Visitor: 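Before I ask anything, here is the structure I am working with.
Atoms considered below: every heavy atom in the structure, side chains included; atoms not considered: hydrogens, waters and symmetry mates. Values in this document were obtained by computation on a predicted structure and should not be read as measured data.
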Amino acid sequence: MVKSSALISLIVFWKCQGQRSVMGIYHILQGKKSAQTIQDVHIFKVQRFFGILSFLSKQQFETITTTLIKEGYIIENDNQTMVVTKKGKEWIEREQKNSSFLSDYHGWTYYQIDRLFWLRLILFSQSLTSLKSRSPFVPVVSDWAVQTFVKKRIISLKRPLDNILQELYQELFAILQTCSNDQASLFVLQITSAEKIGYTLNQAAEFLLIDSEEARLLHLASLHKILTVLTEQNDSIRFPLLASLIADQNQDNHLTSSTKKTKEWLEMGFTINEISKRRQLKVTTIQDHIVELAHIEERFSVQAFINEQNWNLINEAINETSSIKLKEIKRKLPDTIDYFMIRLVLARREREHEFS
């Protein structure tokens with residue numbers, strides 16, 4: 001069992017309080033962009049670990065779960081879901097104190113941005129150093145969109161190559177000071193220049209005598225730590241070259257493409273039924289998009305879909321049941337209140353009151 005993967009899985013089991021299935025936990029750790037998983041991520045406050053174990057197969061995750069059960073860290077409850085034992089909680093508390101890199105993860109915030117930043121950075125480095133040495137090169141990144149971005153970025157830098165390379169070196173040197181030695185070493189070994197092709201992550205792990213899965217998690221933690229620095233307004237000024245590699249990324253990247261289209265129709269004043277007909281999608285699918293918007297977009301208002309009276313009734317039912325299970329909440333409510341309304345309240349109830 002890989003310790004860090006097991007620990008992260010255990011933390012998400014604990015956060016979900018036995019209210020989600022093993023596959024529900026797996027989807028969170030995989031970074032699945034479904035309506036249910038997006039809701040779970042926000043309700044259970046596990047944004048930090050969203051997509052962190054995307055490299056694990058279903059079989060590998062089942063092996064981790066089985067081992068956690070055998071070692072007494074989780075047990076199956078009456079609802080056939082997993083709850084964390086006292087022994088499991090003690091392990092979490094102990095490891096959270098000792099494993100500082102756990103706090104570096106921001107899976108939801110940097111979903112897909114982390115990989116995009118990394119691909120742009122290694123191609124940026126390779127391109128600049130190759131231009132400096134005037135040597136032809138095969139791009140280390142084959143993605144056409146990344147190649148186009150890097151090419152345009154380099155053309156826009158109207159400064160001598162020596163100056164740009166010096167700036168890039170200084171920025172990387174300074175920002176890697178925020179990482180652990182292992183994180184920084186893994187990072188640097190993978191950088192490609194005109195003189196050398198960077199190691200693969202597995203090669204770098206082998207060189208540093210680190211388990212390959214641990215290396216994946218360490219590298220991801222370093223990327224998230226660096227991106228956190230780069231997205232801070234004051235710090236982005238200190239690292240203009242690195243920050244420019246993600247300057248085009250924004251909150252809309254968290255929305256699924258279909259939800260973005262529904263958002264456009266809503267902003268034009270169309271109702272749920274009208275959008276459903278025009279897009280030839282089920283009403284429930286459009287409702288899923290709206291719940292997704294309620295979870296993700298701070299300024300999104302749900303007042304067009306639920307009135308204050310129903311909002312208060314649902315809140316009371318949630319408090320009375322101490323549950324976020326839709327069926328349990330629905331039993332406490334009149335038939336005029338549907339699951340869509342309940343999901344909207346669950347999405348927004350801990351933010352500023354919608355009707356204040």
Visitor: Could you report the tightest heavy-atom contact between Thr85 and Gly72, atom names first, then the distance?
Guide: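 Shortest heavy-atom contact: OG1-O, 2.6 Å.
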Visitor: Between Ser323 and Glu328, is a side-chain hydrogen bond (donor to acceptor under 3.5 Å, both in side chains) present by the stated rule, with each step listed?
Guide: CA-CA 7 Å; Ser323 173; Glu328 289 185 20; 3.2 Å; yes
Visitor: Please name all residues satisfying side chain to side chain contact (heavy atoms under 4.5 Å, CB included) with Asn319, sequence neighbours left out, ordered by chain then number.
Guide: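 So Asn319 forms a side chain to side chain contact (heavy atoms under 4.5 Å, CB included) with Arg349.
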Visitor: Please evaluate residues Asp143 and Arg115 with respect to the criterion salt bridge (Lys or Arg N to Asp or Glu O under 4.0 Å), reporting the C-alpha separation (whole Å), side-chain torsions for both, the decisive distance (0.1 Å), and the verdict.
Guide: CA-CA 12 Å; Asp143 188 296; Arg115 181 175 182 273; 5.2 Å; no
Visitor: Ring-plane angle category for His106 and His224, please: parallel below 30°, perpendicular beyond 60°, tilted otherwise.
Guide: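 Geometry flag for His224 against His106: tilted rings.
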Visitor: Run the numbers on Phe187 and Trp118 for ring pair (Phe, Tyr, Trp, His ring centres under 6.0 Å), then give the verdict.
Guide: CA-CA 10 Å; Phe187 194 98; Trp118 177 246; 5.0 Å; yes
Visitor: So, for Asp40 and Arg20, which heavy atoms are closest and what is the spacing to 0.1 Å?
Guide: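 Of all heavy-atom pairs spanning Asp40 and Arg20, the closest is OD1-NE, 2.7 Å.
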Visitor: Can you confirm if the NZ or CZ of Lys33 lies within 45° of the ring axis of Trp108 and under 6.0 Å from the centre of its six-membered ring?
Guide: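 So Lys33 does make the cation-pi contact.
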Visitor: Which residue, Leu223, Leu116, Leu242, forms the side-chain contact (heavy atoms from CB on, under 4.5 Å) with Leu121?
Guide: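 The passing option is Leu242.
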Visitor: Evaluate the ring planes of Phe50 and Tyr111, with Trp represented by its six-membered ring, and classify them as parallel (under 30°), tilted (30 to 60°) or perpendicular (over 60°).
Guide: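 Tilted, since the angle between the ring planes falls between 30° and 60°.
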Visitor: Evaluate the ring planes of Phe305 and Phe300, with Trp represented by its six-membered ring, and classify them as parallel (under 30°), tilted (30 to 60°) or perpendicular (over 60°).
Guide: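 If you compare the ring of Phe305 with that of Phe300, the planes turn out parallel.
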Visitor: Are Met23 and Ile25 connected in the hydrophobic side-chain network, where two residues link if heavy atoms are under 4.5 Å apart?
Guide: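 The answer is yes; both residues are in one hydrophobic cluster.
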